[in-house]
Chemist: 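Okay, here's the structure, questions in a sec.
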Amino acid sequence: MTPRAHRVVSRRGETADTWTLALEPLPGEELPLFAPGQFGMLYAFGVGEIPISVSGASTALDPLRCTVRSVGSVSAALCATAPGDVVGLRGPFGSRWPLAEATAGDVVIVAGGLGLAPLRPAIHHVLAHRNEYGRVIVCYGGRSADELLFMSELEVWRGRFDLDIDVIVDIAGPDWHGKVGVVTKLVELAAFDPDRTFALLCGPEVMLRFGALTLRKRGVPVERCYISMERNMHCAIAQCGHCQFGPKFICREGPVQRYDEVEPWLKIGEL
Amino acid sequence: MQSIEQTLAATRMFRNLTREQLAALARLGEEVEYADGSRLMIEGEPADWFFVIREGFVALQTDAPSGAITIETLHNGDSVGWSWLFEPYLTHFDARSRGATQAIRFDAATLRVRCAEDRELGYELMRSFASVIVERLQATRLQLLDVYGRATVS
């Protein structure tokens, strides 16, 4: 329960208000190992603590990466950190993407806005074990071209022959020459075998519902659609109740959950 | 390459048309190719054509002081244009190809007359286009929700 001190190694601006921090433990501390999909509690000392999706797998070779959008006092303090600053970290917490279960079939990854951040480690995992999967498709929707995450990496992914990635934005200026519309359009266009597909979705809840509906229309069984949910996690160990969602605690049973197991609760307003 | 009729038969929006109706529609279609940036439709002009995209994509645009704004892009299997169905039969947006685009272009002015003569064909086509209009309305509603805005994501 006690945050462990981590040093900010680098800070990269993704968009005007979103930053990716690379963290490493202080000398003598162990690097925490986060499975793709799990989250951590990031502490800005003297300001507060918030749940943050891990956007870069922590391995012995790679620092832990967290992508933070500046929307409140804690996230603003975290975004304002500089290399060398120290922040607190608790975790890993929660469930993981079903990457072992998805082997041998196609994987459709549907991300909206900041939702690409918690899916990034899953994409890295699939690409690192590419022979274990069928087609791999990434459908990424954003508000506008200025608000897309990981632009340089998107370009690298786009250059691969073993990954189909497509991007669409809601609002396009004259400089945008890509697709315009909602991310579900990309799901409609994607080539995959619904009978052997696992779908991983992360983004705003409205997008998740429409994304799951489109996948269902394409024939993907709902029990093979997984979503990552955001809630107001505080303790992260299912004690405080802040993230209770129907009979579940998102910090413990989530954030990654099978869609059919949470669908009834998604239809209840303000839950 | 598939014939026009085969392409139409494989297009989701025309899945309810009979073989005879598909053949009637195909007879009014011609294969067309557009270079990048070509205008398939011009805002305010008579809507005497509609298109089904075979390969490539098309941007629906309107002009603004800052330049052309793209409202939506349409892709393989999508239809472009429904103003031909409704008076005063004037196109509402520009449609511009993005990259080399292959499409089937339909003589909608003649098809309007055929639909008036053959009410069953007219009804099925109206159903086909209504389903497209509903899908695009739902997508537009989703865009209007601005789900990626600051309030919904932490």
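Chain A is the first sequence line, chain B the second, and so forth, proteins listed ahead of strands; every chain is numbered from 1. Predicted, not measured: the structure shown is a model, and the values here were computed from it. Both backbone and side-chain heavy atoms feed into the values below; hydrogens, waters and symmetry mates do not.
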Chemist: If you round to the nearest 0.5 Å, how far is CD of B:Glu135 from OG1 of A:Thr214?
Modeler: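 It comes to 9.0 Å.
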
Chemist: Which heavy-atom pair separates A:Arg143 from B:Tyr148 by the least distance, and what is that distance?
Modeler: N-CD1, 3.4 Å

Chemist: Heavy-atom distance under 4.5 Å to chain A: side chain of B:Ala139, backbone, both or neither?
Modeler: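 Its backbone and side chain both get close to chain A.
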
Chemist: For B:Arg12 and A:Glu188, work out which heavy atoms get closest and say how close.
Modeler: NH2-OE1, 4.3 Å

Chemist: Highest number of heavy-atom pairs under 4.5 Å with chain A: which of B:Leu60, B:Leu142, B:Ile69?
Modeler: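 Looking at each of B:Leu60, B:Leu142, B:Ile69 in turn, B:Leu142 comes out on top.
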
Chemist: Is it true that a side-chain atom of B:Thr73 and a backbone atom of A:Val180 form a donor plus acceptor pair closer than 3.5 Å?
Modeler: yes

Chemist: Given side chains that start at C-beta, do those of B:Glu72 and A:Lys179 come closer than 4.5 Å, heavy atoms only?
Modeler: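 Not touching, per the 4.5 Å side-chain cut-off.
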
Chemist: Is there side-chain contact between A:Phe210 and B:Val147, with at least one heavy-atom pair below 4.5 Å?
Modeler: no

Chemist: Would you confirm whether B:Gln143, through its side chain, and A:Asp170, through its main-chain N or O, come within 3.5 Å as a donor-acceptor pair?
Modeler: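 Answer holds: yes.
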
Chemist: Is B:Glu55 atom CD crowded by more than 12 heavy atoms from other residues, nucleotides or ligands, each under 6.0 Å away?
Modeler: no

Chemist: Could you have a look at A:Ser144, A:Gly142, A:Ser75 and say which one has the most heavy-atom pairs with chain B under 4.5 angstrom?
Modeler: A:Gly142

Chemist: Evaluate whether atom OH of B:Tyr123 has more than 12 neighbouring non-hydrogen atoms of other residues, nucleotides or ligands under 6.0 angstrom away.
Modeler: no

Chemist: If you measure from CD on B:Gln138 to CG on A:Leu213, what distance do you get to the nearest 0.5 Å?
Modeler: 9.5 Å

Chemist: Which heavy atom of A:Pro174 sits nearest to which heavy atom of B:Gly67, and what is that distance?
Modeler: CG-CA, 4.2 Å

Chemist: Taking side chain as everything from C-beta outward and backbone as N, CA, C, O, which of these in B:Ile71 sits under 4.5 Å from a heavy atom of chain A? Side chain, backbone, both or neither.
Modeler: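 Just the backbone, heavy atoms under 4.5 Å.
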
Chemist: For A:Glu153, does the CD atom sit with more than 12 other heavy atoms under 6.0 Å from it, leaving out its own atoms?
Modeler: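 Yes, enclosed.
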
Chemist: Pick one of side chain, backbone, both or neither for B:Arg136, based on which atoms fall under 4.5 Å of a heavy atom in chain A.
Modeler: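 Nothing of B:Arg136, per the 4.5 Å heavy-atom cut-off to chain A.
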
